[in-house]
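Scroll down for the structure; my scribbles are underneath it.
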Amino acid sequence: MRAINGKDWFWYNPMFDVATGIYDGISQLVAVVSRRHGIKKSEVPKPVPRPWDKKQESEVLKVKPSKIEDLRKLLGWDK
């Protein structure tokens with residue numbers, strides 16, 4: 001399992017995910033019960049991020065700015 005999943009191998013043990021889910025639930029419950037009146041959503045602890053919930057980084061294209069005249073020629077707006 002370690003060879004396939006690298007540094008996230010322990011997440012694929014079903015008991016680890018269950019234990020983390022219990023931890024998330026208890027931490028949210030404690031936050032709500034201890035500050036029941038006027039609790040904001042931002043004050044409730046966020047769940048532990050799972051590897052399959054992480055967003056993939058997108059590749060950013062770096063483009064050199066073009067001149068207006070070049071863009072007009074490209075679009076056929078040249079008079």
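Hydrogens, waters and symmetry mates are skipped; everything else that's a heavy atom, side chains included, is used. Positions are given from 1, in the same order as the sequence printed here.
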Legend entry - Which residues share a side-chain contact (heavy atoms from CB on, under 4.5 Å) with Ile22, sequence neighbours left out: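 Checked Ile22 against side-chain contact (heavy atoms from CB on, under 4.5 Å); matches are Val18, Ile26.
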Legend entry - Residue pairs involving residues 16-26 (criterion side chain to side chain donor-acceptor pair (under 3.5 Å); sequence neighbours excluded):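 Passing the test, one end in residues 16-26: Asp17-Arg50, Asp24-Arg50.
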Per-pair distances, 0.1 Å, donor-acceptor, side chain in residues 65-72, under 3.5 Å, sequence neighbours excluded:
none

